[in-house]
2 protein chains.
Amino acid sequence: MKKTASTTKSMQRAPTVTDIAAGAGVSRATVSLVLRESPLVHPDTRARVQAELAKQRYVYNRGAANLRRRTSSAVALVINDLSNPFFAEFAAGVDEALGDKGYVTLLGNTSESPLRQDAVLASLMEHTPAGLILSPAEGSDGKRVAQVLGTNLAVLVFNREIKGGEWDYLALDNQRGAELATEHLIAHGHNKIAFFGGHASSSSCRQRRAGFEAAMKRAKLPLRKEWMIETAPNRLDAAANAATLFAQKAQPTAAVCYNDAVALGLMLGLAARGVHPGRDFALTGFDDIPEAALASPPLTTVAVQPRERGRQAAELLLQRLGMQASKPRQIVAAVQLKVRASSPSPT
Amino acid sequence: MKKTASTTKSMQRAPTVTDIAAGAGVSRATVSLVLRESPLVHPDTRARVQAELAKQRYVYNRGAANLRRRTSSAVALVINDLSNPFFAEFAAGVDEALGDKGYVTLLGNTSESPLRQDAVLASLMEHTPAGLILSPAEGSDGKRVAQVLGTNLAVLVFNREIKGGEWDYLALDNQRGAELATEHLIAHGHNKIAFFGGHASSSSCRQRRAGFEAAMKRAKLPLRKEWMIETAPNRLDAAANAATLFAQKAQPTAAVCYNDAVALGLMLGLAARGVHPGRDFALTGFDDIPEAALASPPLTTVAVQPRERGRQAAELLLQRLGMQASKPRQIVAAVQLKVRASSPSPT
DNA sequence: CTGAAAGCGCTTACAG
DNA sequence: CTGAAAGCGCTTACAG
């Protein structure tokens, strides 16, 4: 209990089971049984109670019920960057799946700040969630997080591993996605392929590079240092670095891009140099953001389906709620290549 | 209480005020006073209790406290389309501001379905929120919504008016935004200006058209039916309809677009016809999505700052919590023109 | 300054 | 099938 929560009194007492019981001429226990659709109640009694419920516009107080039953119908969802459409979609998927199962979502956005994450988690814990889905802020400290969460909470970590915690983990298959993209370009006859964009220090970039390199090695194609190009993972920096691809005498004919933003930026950069993407140069993205299909030419990319991942995360967490304590699970979500016009055969 | 909420028992009892009281050798009341930082407790006692709190890793149960105090520290946030970055930003702003005030956000996403909205609202009501921020699904029925919310809840409606309810309402200044854009084009010497995109049946499109028409009339410029062009409010349909602008003998030299998506689509459509946007033709957008600044040329547009709007919505709602019942308020959020390269003088 | 008792709105054995 | 009683974890008068 760090900061004092401001609160507010309701202006007018809402009806309770006691009011309904009085109105229907039964005991509170009977009302409770009707509310939870117990078959023990006589149909006539049930009808009478239900009429009274409707008449008084009764609203169930799940908090009170949870307190008495020592249960929870809330799940905390803590997101590192809700303004990123990828995570917003993920959140929508989580909320959808939780709602279907009768849970409510307690939202927390951390804006990539581990400090804020600590505060958000502590605050949410006071609302006794049944579990937590956490897409960690960059630089999260597993020990600290474990400390505020305690040991009794079901937790699912998404997207970024946290070292120092023992939690279920849902990851994207970054390596496989990059392999699929690389194999696709190879199958179309490319053999001079670059890996373009991203910071090699990030785990997702490392995994995607690993997939690229694995596919290239399997095909016995050359891996050249000059063709492994780092940029910030956004459109702007990608556009600015397009020229790097052609700085050497040996020039690639295709590039596997770190993600769609980078790929779209590269397309702009190529166009500015008079190179037509999808005609003079082939490239692939990663993510399948809505824009990818609308670019010209439409971008071949790896779809990760964030909303589906959200649903999956919710399901994994709810499974965990029913389980005895056991080893943390590692689930790697399948990804899928979407072939579009940006990746033709070499000219 | 429609569907049965699945629930889960915690595996191991968490310490309560009783445990702390026993450990520290005081009464539960004293522990409670320490928790709420009452000055009535002797410093020595307080220290003893706080040590015990830390030792037992006590976590405050806000739900129990809220039950006893008949208060709530939760606010429901119901969003029509979380996968739209505009609303995701808005949600992030709401969550941020609520968190700062000690409230937790109960999230619900309706995917633009009034049916789902009813279900989501009913479910959230069972968690006794102190208030609700609602960005309504298209086609929401005010009567129905009012029915599930009851009369005792503080409500703030965002972005789309709901007829049939008496709630505070935060709107964007669509009309003023379109006026600003239109005046900007006029100031740059354009006098043949089209309004491009959106469905005239939507309230936001109507308001933006009204602003456009007002500015044109003030400048005594011609309003032509053929220059009021409807499209779906997305990039694809906008691109497909670019030719419509030049179908008549009288051709506009500029367009105020319904929103950024439409403007970016129009830019593609123009380019495909060999018309260079920002050189041969001037246009403006609405929203200032991140892409607007990155387009080539960068798009002049009207910034609505969704995250700020989220913070504002949270503040307005919290104000309402402290107020006696009174007339609903209508707040119109200011918007702001961002001039970029897409809107030069006519050639 | 501290403690004993009652109660928030529910549910759960236990009788009958 | 229904009711009286106890209790979930907290807070709030009320004594002392």
Side-chain angles (χ1 to χ4, degrees), chain A residues 1 4-5 7-10 12-49 52-53 56 58-73 125-128 130 152, chain B residues 1 4-5 7-10 12-49 52-53 56 58-73 125-128 130 152:
Chain A
M1 186 189 181
T4 315
T7 50
T8 305
K9 310 233 172 220
S10 70
Q12 184 181 317
R13 244 184 82 271
T16 71
V17 284
T18 307
D19 301 314
I20 305 301
V26 297
S27 76
R28 291 153 60 208
T30 303
V31 175
S32 178
L33 291 174
V34 171
L35 285 173
R36 278 166 308 109
E37 291 167 354
S38 159
L40 298 179
V41 185
H42 188 92
D44 294 354
T45 314
R46 179 204 314 289
R48 205 144 37 90
V49 170
E52 192 65 26
L53 253 16
Q56 298 198 30
Y58 173 79
V59 175
Y60 188 66
N61 185 329
R62 204 171 283 283
N66 283 332
L67 177 60
R68 178 59 178 89
R69 304 181 58 199
R70 321 200 71 228
T71 59
S72 168
S73 55
M125 285 303 288
E126 297 187 350
H127 291 84
T128 59
N152 280 345
Chain B
M1 187 189 181
T4 314
T7 50
T8 306
K9 311 231 172 221
S10 71
Q12 184 182 316
R13 242 184 84 269
T16 70
V17 283
T18 308
D19 301 315
I20 305 302
V26 297
S27 77
R28 291 152 61 207
T30 302
V31 176
S32 178
L33 291 174
V34 171
L35 285 174
R36 277 165 312 108
E37 291 166 354
S38 160
L40 298 178
V41 185
H42 189 92
D44 294 355
T45 314
R46 179 204 315 288
R48 204 144 37 92
V49 170
E52 192 64 27
L53 253 15
Q56 296 198 32
Y58 173 79
V59 175
Y60 188 64
N61 185 330
R62 204 170 283 283
N66 282 332
L67 178 60
R68 179 60 177 88
R69 304 182 58 200
R70 320 201 70 229
T71 59
S72 169
S73 54
M125 285 304 287
E126 298 186 349
H127 291 84
T128 59
N152 281 343

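Chain letters run A, B, ... following the sequence lines, proteins first and then strands; every chain starts at 1. FYI, side chains are in, hydrogens and waters are out, and symmetry mates aren't considered; it's all heavy atoms of this structure.
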side-chain contact (heavy atoms from CB on, under 4.5 Å) with [X]: which residues, sequence neighbours excluded?
X	answer
A:Ser32	A:Arg36
A:Thr30	A:Val26, A:Ser27, A:Val41, A:Thr45
A:Leu67	B:Asn61, B:Ala64, B:Leu67
B:Ala65	B:Tyr60

Length of the [atom1]-[atom2] vector between [X] and [N], whole Å:
X	N	atom1	atom2	answer
A:Asn61	C:dG7	CG	P	18 Å
A:Arg36	C:dG9	CZ	C1'	13 Å
A:Leu35	C:dG9	CG	P	14 Å
A:Gln56	C:dG9	CD	C1'	14 Å
B:Leu40	D:dG16	CG	P	19 Å
B:Leu53	D:dG9	CG	C1'	14 Å
B:His42	C:dC1	NE2	P	8 Å
A:Tyr58	C:dG9	OH	C1'	7 Å

Checking C:dT11, C:dG9, D:dG9 against the side chain of B:Thr16 (C-beta onward), the nearest is D:dG9
Stems in DNA chain C, runs of 3 or more consecutive Watson-Crick or G-U wobble pairs with both distances under 3.5 Å, sorted by first number, are C:1-3 with D:14-16, C:5-12 with D:5-12, C:14-16 with D:1-3
Comparing B:Leu67 with B:Val41, nearest DNA chain C nucleotide closer to 5' gives the residue B:Val41
Any side-chain N or O of [X] under 4.0 Å from OP1/OP2 of [N]?
X	N	value
B:Arg70	D:dT12	no
B:Arg69	C:dC8	no
B:Ser32	D:dT11	yes

Those residues at least two apart in sequence (or on a different chain) that pass side chain to side chain donor-acceptor pair (under 3.5 Å) with A:Ser38 are none
Heteroatom pairs (N/O) under 3.5 angstrom, protein to nucleotides 3-6 of chain C:
| from | atom 1 | to | atom 2 | distance (Å) |
| --- | --- | --- | --- | --- |
| C:dG3 | OP2 | B:Ser27 | N | 2.7 |
| C:dG3 | OP2 | B:Ser27 | OG | 3.4 |
| C:dG3 | OP2 | B:Thr30 | OG1 | 3.2 |

Value for CZ (A:Arg46) from CG (A:Leu40), rounded to nearest 0.5 Å, stands at 9.0 Å
Tested for side-chain contact (heavy atoms from CB on, under 4.5 Å) against B:Tyr58, the lone hit among B:Ile20, B:Val31, B:Val49 is B:Ile20
Check: With no hydrogens and no angle check, do the side chains of B:His127 and B:Ser72 hold a donor and an acceptor under 3.5 Å apart?
Finding: no
Could you tell me whether the side chains of B:Thr71 and B:Asn66 share a donor-acceptor contact shorter than 3.5 Å? yes
Check: Using a cut-off of 4.0 Å on non-hydrogen atoms, how would the nucleic acid contact of A:Thr45 be classed: base, sugar-phosphate, or nothing?
Finding: sugar-phosphate
